[in-house]
Amino acid sequence: MTEQTTPENLGIGTDEWVAQHEKRLSRRAGLLGIVDFLNQKVSPLVRYLLLAIFAVGFGALVHNLYLLRIAANLAVFLALTLGLNVVMGFAGLLDLGFVAFFGFGAYAYALTSSAQLNQHWPTYLSVPAIVITTAFLGYLVSLPSRRLFGDYLAIVTLFFGQVFIQLIISSDSITFPGHEDSVDITGGSNGIPGLDQFKLFGYTFKTITDYYWLLLVVVALLLVAITRVDRTRVGRAWRTVREDPLASQSMGIKVNNLKMLAFIVGAAIAGLCGTIYAAIQNAVFINGFDMPLLTLIYAAVILGGSGSIPGSILGAFVMSVLPEILRVQNYSEILFLTVLILAVAALSKGWKRFGFNASLVILLGLLVKVISSALSLATTPTSTWAVGPVSKALKYWLLMPANRILWGNIAFVLLIALIANYSIAKERVKFYLLPLIAFIAIFVWEVRLVIEPNTTRQLIIGMMLVVLMIVRPQGFLGKTRVEVL
Amino acid sequence: MSYLGQQLVNGLTLGGVYALIALGYSLVYGVLQILNFAHGDVYMVGAFLGYFVELALGGPTKSFLPVPLMIFIMFAVSMIGTGLLGIIIERFAYRPLRKSSRIAPLISALGVSILLQNAAQLLFSANIRSYDTSSFIPSTLGFSIGDVTVDSVRLTVLILAFVLMFALSRWVNKTQVGRAMRAIAVDRDAAVMMGIDIDKVIRWTFFVSAALAAAAGVMNGLLLRGVSSGMGFVPGLKGFTAAVIGGIGSIPGAMAGGLLLGVVESLTQGYLSTNFSDFYTFLLLIAVMLLRPNGLFGKKAIVKA
């Protein structure tokens, strides 16, 4: 802990101190402060230009199809995040049916451009029609909750998402009155394969590279549009409504209309993303439009800072690259250890204590290893689990029990309990808890979590949401809100 | 006629389960004005606890205890254990956020929901388990009125649901904590000034809310539905809807909303279509929100900025 800064030891007058008060409140310590500083130094235009150069360069230089596909998915995800940022960040509406609009766009494109209903609409007709229809659907969904608060909107939209999924799954055998045979509309859980490619201005989009360029244009337009809207009367009014509906109502702002507008804009963006996504995938399946995607988009908006456009970009990058990294064991181990070491370093508050904690963790591991071999516990042979560089480095130190699932589960429960305890423990207890938690975290990761990447990803997202709300509810790049109590 | 009667019995049983979940939402909402999104997953934990108690007592067929006692222990252990989990969730995910914006606890609850669901998947694997009720309670037991049969499992669930609801309304109306809870729901600041220990009341609220969800979870298991880590989402959504239909924050509203939802769902499944039952429930929700935005039993909300 550094010495407390007071007017006296700064050697300035109190008035100056008071004058700097606001500035001091907004300044952050440590690494985040440096990020803030850089953030302020580089103008937004330069930042977006750098981003654009990077994106164009990526498309021009990279010919690896796998990487391009990830990049295209990232662009779709980024567009979705920007859309949700309008609904949730600008207007403060908890729209839990957002992915249903995405799914609606995708399915609408699939139905109008495949052999399923034998419809092959031209792209310049189908895509605008779908975007308008999705917007209208958004209008309909927002109707019943127009006079009500966020909570009611949340339940209606969440239920809407559920109903959408059920309707799609069940619409594979519908009997119309007067007809004998049942009609398969949506393909049920089998989805609809073999969609038409986009065809714009006489050009057919064939490869993923084509779609990458298309998405780049779409995202760029979206970014410009949203940034502009944010500065218009509507954008300002949205923010006012979010902060204080009652006050904005008395200022003559039509609160309900503005909320619905935000909702509709979000739905339209999601619908547009849906059409492109369907064309890229060349097929639609209902399980792509379920809760996991919704939580991922929410995590992206919240992580970056809801209401902040650079925040959405950052959040979308993190939340779409993270799952790709976690999928490969070698990368996920490196990422996990890096984050763990950084976290321990940050929580240690000082290099000396960090060194102490690190050596304690190493000692703990050796101790467990020695005790277990003294008791001759059954272990998994190292050749079967030590595959990546990290686990190879860890194999002399870490105990890998034979029954990975059992011991991993026990340690997992213990880890959760210790982390919860840590958040309310006294300073002195925290001192001893930290190395213990770090050790058990490594153990749980290597023994249990590494073999279940999907569950691990979800656990990380869940944990992140809770911790973020407690530690930094405005996200990384969001602004602190002034709460009127 | 008998078909209708049978559907009504099924609907009431289902409605009892929904009502217990809805009560949990309403209790928490009344005190903290937050929607506990993790409630459906708390229900899932309750169902799992009941399942493991059943296993610990020797499994469905080889239990060394008489069946009523075994069911009682399943309910008791699951409700107490899950109730404690409710207290823990409140302590770590909601209490630090009590003074923050309205949206922060909602997001935190979403996080807890994801955590619980995936922790359950990690610990208990993705397999669907079954209480296997029919092997210790024969389905022939029960009684019939005319053509309508009420088998013993349904009867147990119905009676238990109503007993729990009755006990809850006694608790809210007659005990010190219940009175304090109502006082906080009316005006939190005034309640604090009257010397009410708000932390204690909130702890109790979360305990009772989670315990009711656990009871609903065990009932769900007894009714021979599968127990799995993802089972909480849909009942949680339905319970939430029932609470909104009845008027969120209102206890009789939650009971009525739950029963109504169960009956409507059962009737639409019986007469219209099984595949689109959620759709009809959604229409009911929309209709209620358009015609009576504060729910059937809700008072007109006074918004304080």
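In what follows, every chain begins at residue 1, and chains take the letters A, B, ... in the order their sequences are listed.
- Between F52(B) and F124(B), the ring-plane angle classifies as tilted under the 30° and 60° cut-offs.
- For the set A93(B), A119(B), S125(B), the entry with the most heavy-atom pairs within less than 4.5 Å of chain A is A119(B).
- Listed options I461(A), L96(A), L167(A), T295(A) were ranked by heavy-atom pairs under 4.5 angstrom with chain B; first place goes to L167(A).
- For chain A, the nearby part of L97(B) is the side chain; its heavy atoms alone come within less than 4.5 Å.
- Note on ring orientation: taking the six-membered ring where Trp is involved, the planes of F160(A) and F164(A) are tilted (angle from 30° to 60°).
- For the set L285(B), T241(B), T281(B), the count of heavy-atom pairs under 4.5 angstrom toward chain A peaks at T241(B).
- No donor-acceptor distance shorter than 3.5 angstrom exists from the side chain of S308(A) to the backbone of G304(A), with no hydrogens or angles considered.
- The pair R203(B)-E90(B) does not meet the salt-bridge criterion, since no charged nitrogen lies less than 4.0 angstrom from a carboxylate oxygen.
- Ranked by heavy-atom pairs shorter than 4.5 Å toward chain B, the options E452(A), Q162(A), M291(A), Q166(A) are led by Q166(A).
- In this structure, the side chain of D41(B) does not engage the main chain of L116(B) through any donor-acceptor pair within 3.5 Å.
- No other option in L122(B), V244(B), V234(B) has as many heavy-atom pairs under 4.5 Å with chain A as L122(B).
- Only the side chain of L449(A) comes within less than 4.5 Å of a heavy atom in chain B; its backbone stays farther off.
- For chain B, the nearby parts of Q458(A) are the backbone and the side chain; heavy atoms of each come within less than 4.5 Å.
- Neither the backbone nor the side chain of M464(A) comes within less than 4.5 Å of any heavy atom of chain B.
- Aromatic ring orientation, Y94(B) versus F206(B): tilted (interplanar angle from 30° to 60°).
- Aromatic ring pairs are classed by plane angle as parallel below 30°, tilted from 30° to 60° and perpendicular above 60°; the pair F159(A) and F282(B) is tilted.
- Of the atoms belonging to S229(B), not a single heavy atom falls under 4.5 Å from chain A.
- Using a 4.5 Å cut-off between heavy atoms, V288(B) makes no contact with chain A at all.
- Neither the backbone nor the side chain of V467(A) comes within contact range of chain B; no heavy atom of the residue lies under 4.5 Å from a heavy atom of that chain.
- Within a 6.0 Å radius of CG in L406(A), other residues, nucleotides and ligands contribute more than 12 heavy atoms.
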